[in-house]
Each structure stands twice: as structure tokens, then as C-alpha cells.
Amino acid sequence: MQALLSFDQAPPFAAPFRFFVTAPVFAILAGVLLLSSGPELFASRWTPGALALTHLLTAGFMMQAMLGAMVQILPVVAGAHVVRPLRVATIVHAAMTAGTLLLVAAFLSYTPLFFGLAAGCLGLGATVYIGATAHALYRVPSTTPTIGGLKLAMLGLGVTVGLGLVLAISLGGSFPMPLLQLANIHLTWGVVAWGSVLLAAVAYVVVPMFQLTPAYPDWFGRAYSVAALTSVALWTAADLAGWELASGLLSGLVVLVAAVFFYVTLKIQRKSKRAGFDATQRYWRMAMFSALAASVLWLVARSVPQIGEWHGWPLLLGVLLLVGGFMSVIVGMLYKIVPFLVWMHLQNLGRGRLMAPNMKKVLSERQMVRQMTAHFAAFALLVLAVFWPEWLVYPAGVAMIAANTWLLYNLLSAAGVYRHHLKKIEALLVAST
Amino acid sequence: MAGDHRRCDDLFVAVEKAVAEGAWVRAVTGFSQFRDSMLRHFAAEESLLFPAFEERTGMYMGPTQVMRGEHVQLRQLIASAEEALRAGDAEAYSGDAETLLIMMQQHNMKEENVLYPMCDQHLDDQGAVLLPGLRDAVHDLEPAG
């Protein structure tokens with residue numbers, strides 16, 4: 001009942017916003033890493049540079065943005081309120097930011113102490129976050145696919161971070177662990193059981209509502225999150241038990257299940273009733289195409305071993321999934337969330353006496369489309385850099401820095417509009433008292 | 001009531017399409033229809049559904065109060081968008097319309113996921129009395145709709 005009575009107490013702007021502006025900083029660091037490591041980074045997915053880069057994009061960019069969005073979205077879609085949102089956000093943000101930086105430093109320097117500290121920080125951040133969210137969601141019945149999906153995604157995040165901690169601790173302490181096998185399990189839980197389940201849970205709501213498409217089919221809403229989590233869990237069990245045939249078939253199933261999500265989303269987006277595609281819609285479509293391409297390529301590589309042996313293969317899939325897929329869809333959603341939050345808070349603070357600037361005055365479509373072009377250029381260069389690292393790793397790094405500096409600038413300029421208008425409101429209120 | 005939300009969405013889309021095609025007259029007419037439907041929907045909730053809910057549950061300062069506050073904001077946005085439309089300012093309209101769309105959708109989501117289920121639960125026995133009234137209030141200008 002507590003959650004319902006406090007119905008509209010939207011968390012303060014600062015709670016989600018700190019996550020949103022930290023995300024592009026990690027992507028800028030990823031660009032810097034590309035420049036400093038050079039072509040060697042692309043020698044294999046296991047190079048320290050490639051591991052550091054992956055975690056700058058996942059534990060850095062993806063997780064920051066997704067955590068921030070969750071703080072905001074839970075009350076609206078589930079009526080679930082995190083208790084003391086600002087305090088939770090402060091602790092989680094600090095722990096995750098420090099933990100990710102330490103983890104990246106650990107990969108690059110191979111210092112056991114850093115692995116231990118990173119595990120401590122990330123473990124703390126994840127525990128506080130999952131604890132606070134689980135507490136908020138505990139009494140909310142899973143009446144919609146979104147609420148059910150959010151709960152399962154929480155579980156996916158928990159397992160991903162848990163496995164990450166085991167890996168970091170064993171790397172730091174040199175314990176005898178099947179590291180490569182565990183790393184594959186860790187990344188599958190991260191990408192499918194957490195990333196795709198969370199994205200799908202949010203997609204059921206935001207794709208039909210903001211892009212005015214038909215709803216996702218009922219069977220999809222009912223089945224996706226359960227199918228994704230179950231197939232990942234079964235594959236994990238088969239892989240750990242060493243059943244090669246079962247593990248091979250089940251990993252194919254995992255990819256197929258995820259591919260269905262990307263395909264269904266593309267299909268319903270084609271039926272959008274909106275008059276034209278805006279930056280958010282184009283970002284969504286690029287993300288779904290790119291993720292679907294990654295799924296198809298994975299299946300091809302599995303069936304044609306000669307191709308699958310190429311060392312660049314996992315790197316290509318990583319770029320398609322993380323940069324083309326998750327990063328694109330996240331930026332696209334930030335471009336709706338941030339201007340709307342600025343408007344909403346200003347409108348509430350103005351108490352009807354001063355109209356807040358509308359979303360496109362907070363952040364213009366032109367600013368968003370230009371940044372999107374830079375992001376797509378960075379993505380294309382990264383894809384090509386997998387094939388020709390000597391030539392393209394530097395332009396790709398520069399493009400990555402440019403696109404994300406631009407994103408940071410766009411987000412900060414939206415915050416600038418907020419501060420500027422807030423001063424006007426304060427002046428008005430002072431004048432009228 | 002959730003069905004009426006969808007009907008308002010469709011009216012919104014018709015205006016957006018008209019603006020994109022530069023058909024200003026059609027856009028202004030369409031917007032009036034959209035505005036009327038929205039205002040009727042708010043009025044039906046504020047005069048029938050919310051008071052019944054408040055009386056039954058004793059929650060006067062709870063979700064219904066928040067929804068009333070959002071209705072005020074939505075009314076302001078509708079007025080601002082209509083002004084931009086009448087002035088033929090496509091850019092100002094598109095900004096207001098985008099804000100209105102998101103405000104409207106997240107408002108609908110709260111009502112459909114939280115408030116309406118609570119109403120169904122608490123006002124179950126009053127359905128026979130409340131529903132015809134709500135239906136009439138939402139559709140009073142177009143009995144065929």
C-alpha cells in the first residue's frame with residue numbers, strides 16, 4: 001500500500017541523471033583505449049585491451065544507463081518505489097563507477113589488488129541495487145509481461161555480476177578455475193538473461209506507446225523472458241556438465257530465442273503509425289538490425305567451422321551487439337527520457353505559473369540526429385576495424401570519442417536548460433511572495 | 001476506459017499525419033476532436049470514477065489526487081499545442097505534441113496498471129451503476145463512437 005500512496009513521487013532529477021551522464025564518459029574512455037592500444041587490441045577477444053574495452057561498454061556504458069533508467073521507470077510501469085531513491089542512487093552510482101574503473105585498470109595492468117577491489121565495489125553496488133529494487137518489486141504482482149520481465153532481468157543481472165566476481169577473484173588470486181568457460185557463461189547471462197530480458201521488458205511498453213506500433217504479440221510477451229532465462233540456464237548446466245552435444249544445441253536455442261525478439265520488434269516497428277521516423281526510432285531500428293545480424297552471423301559461424309575459427313569473429317559479434325545493438329538503443333531511449341524528465345520536473349516546479357519548455361526545446365531533433373550520425377559512423381568504423389585493424393582502429397577510436405563527447409554535450413545542454421529555467425521559476429516565486 | 005485511451009491515441013496520430021502532410025485545416029479539425037475526447041475522458045474520471053473510488057477507499061490524497069494533477073498538466077499541454085497549431089508553427093507543435101504524447105502515455109500507464117485495477121477491485125459491486133455513466137460521459141457527443 002505504501003508504494004501506491006506515494007504513487008507519483010518521481011525520484012529527483014539528480015537520481016537518474018548522474019547515471020545518464022556517466023555512461024558517455026565510459027564510452028569516451030573506450031575511444032581513448034582504442035587509440036592507446038592500437039591494432040593489437042583486435043588480435044583476439046582475450047587481449048587485455050579487448051577485455052577492458054568490453055567492460056567499459058558493458059559495466060560502464062550499458063549498466064550505468066540501464067540502472068539510471070530503472071530508477072525512473074519502476075514507479076511508472078510497476079507502481080514500485082525504491083525507498084530513498086537519491087541515497088540508493090548515490091551509493092550504487094559511486095560503487096559501480098569506481099568498480100568499473102578498477103576492473104578496467106585490473107585488465108590493463110593485471111594487478112591482483114585491482115581485481116579484488118573491483119570485485120568489492122561492483123559486488124557492493126549490485127547488492128545494494130538488486131536489494132533496493134527487489135524490495136520495491138517484492139509485493140508487486142507480475143500482472144504484465146513488463147513487471148515479470150523486470151524481475152527476471154534482476155535475476156539475470158545478479159548471476160552476471162556473481163559470475164563476474166568469481167572470475168575477478170580467481171584472476172586476482174590465481175585460483176584454478178575454468179576461466180574461459182566461465183567467461184562465456186558470464187557473457188551469455190549478461191547479454192541475454194540480463195540485457196535482452198530487460199530490454200524486452202521495457203520494449204513491450206515503449207515501442208507500442210511512443211512509436212505507436214501494434215502491441216507485441218501476446219505469446220511473445222508471455223514467453224520471451226521465461227524462454228530466454230530458461231534456455232540460458234539449461235545451456236549453462238549442460239556446458240558445466242560437459243555434455244557437448246546438448247550444450248551445442250542449447251547455445252543455438254539461446255541465440256534463436258534472442259533473435260526472435262529482434263525480429264518481432266523490427267516487424268512491429270514497420271507498422272508504426274507515426275508520421276516520420278525520429279532519432280529514437282532510427283536508433284531502435286539500427287539496434288534491432290545490428291543485433292539480428294549478430295545472431296544470424298553466430299549461427300552461420302557455428303555451422304561453418306572454417307569461418308568460426310577466424311579470430312576476428314567474436315570481436316565482430318561483440319561490436320554488432322554492444323555498439324550497434326545495446327549502445328544504439330540506449331542512446332535512442334535517453335533522447336526520450338532525458339528531455340521528458342527535464343520538462344516534467346520543470347512543469348511540477350513551475351506550479352502552472354510558468355510553462356516548462358517542451359521536449360524539443362530542451363533538446364532539439366537536429367542535435368539528436370547529428371549525434372546519431374556520428375554514432376553510426378563510429379559503429380561502421382569499428383566493424384571495419386575488426387577486418388583492417390592497422391588502418392582503422394585509430395579513426396574508429398576518434399569517432400567513438402567524438403560521438404560520445406557529443407552525446408555528453410547533448411545531455412549536459414538539456415541539464416543546462418533545466419538549470420536556466422529553474423532560475424526563472426525561483427525568480428518568479430520570489431517576486432510573487 | 002483503457003479502450004478510450006486507445007481511441008485518443010488514434011485521434012492524436014491523425015493530427016500528426018495531417019501536420020506532416022501540411023494539411024493544416026485537417027490538422028486543426030482533428031486536433032479539436034482529440035482535445036474534446038481527452039477533456040471528456042478527464043471529466044468522466046474526475047466527476048464519476050475518482051469520487052466513487054475515494055468514497056469507497058477513504059484515500060482522498062492518494063492516486064486519484066495525483067491523476068488530477070496530471071490532468072491539469074495535460075490540459076495545459078493540449079492548450080499550448082493547439083495554440084501552436086492554430087499559429088501554423090510546425091516546430092513548436094511537434095515539440096508540444098511529443099511532450100504531450102509521452103505525458104499522456106505514462107499517465108495512461110499509471111492508470112491502467114495501478115489505478116484501474118484498484119478501481120476494479122474496490123468498485124466491483126458498483127459496476128452496474130458506474131459503467132453506463134462513464135460510457136455516456138466519454139462518448140456524449142458521438143453516440144456512434
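Note that this is a predicted model, so its numbers are computed, not measured. Each chain gets a letter, A, B and so on, in the order its sequence line appears, and its residues count up from 1.
When the shell of 6.0 Å around CZ of Arg366(A) is examined, it contains 12 or fewer heavy atoms from other residues, nucleotides or ligands. Atom CZ of Phe277(A) has more than 12 heavy atoms from other residues, nucleotides or ligands within 6.0 Å.
No part of Thr143(A) comes within reach of chain B, as not one of its non-hydrogen atoms sits under 4.5 angstrom from that chain. Neither the backbone nor the side chain of Met104(B) comes within less than 4.5 Å of any heavy atom in chain A. In this structure, chain B has no heavy atom under 4.5 Å from any part of Val206(A).
Between Gln347(A) and Met103(B) the shortest side-chain heavy-atom distance does not fall below 4.5 Å. Counting heavy atoms from C-beta outward, Gln73(B) and Asn348(A) have side chains that approach closer than 4.5 Å.
Residue Met344(A) holds its CE atom at 12.5 Å from OG1 of Thr99(B), rounded to the nearest 0.5 Å. Remark: Ile102(B) CD1 to Lys336(A) NZ distance equals 5.5 Å, nearest 0.5 Å.
Within residues 14-28 of chain B, the residues that have a heavy atom under 4.5 Å from a heavy atom of chain A are Glu16(B), Lys17(B), Ala20(B), listed by number. For residues 80-98 of chain B, a heavy-atom distance under 4.5 Å to chain A picks out Ser80(B), Ala92(B), Ser94(B), Gly95(B), Asp96(B), Glu98(B), given by residue number.
When the side-chain contact (heavy atoms from CB on, under 4.5 Å) test is applied to Lys273(A), the partners found at least two apart in sequence or on another chain are Leu212(A), Asp10(B), Val13(B).
Listed by first and then second residue, the salt bridge (Lys or Arg N to Asp or Glu O under 4.0 Å) pairs that reach into residues 44-66 of chain B are Glu46(B)-Arg75(B), Glu54(B)-Arg68(B), Arg56(B)-Asp125(B), sequence neighbours excluded.
When all heavy atoms of Leu101(B) and Arg274(A) are compared, the closest pair comes out as CD2-NH1, 3.4 Å.
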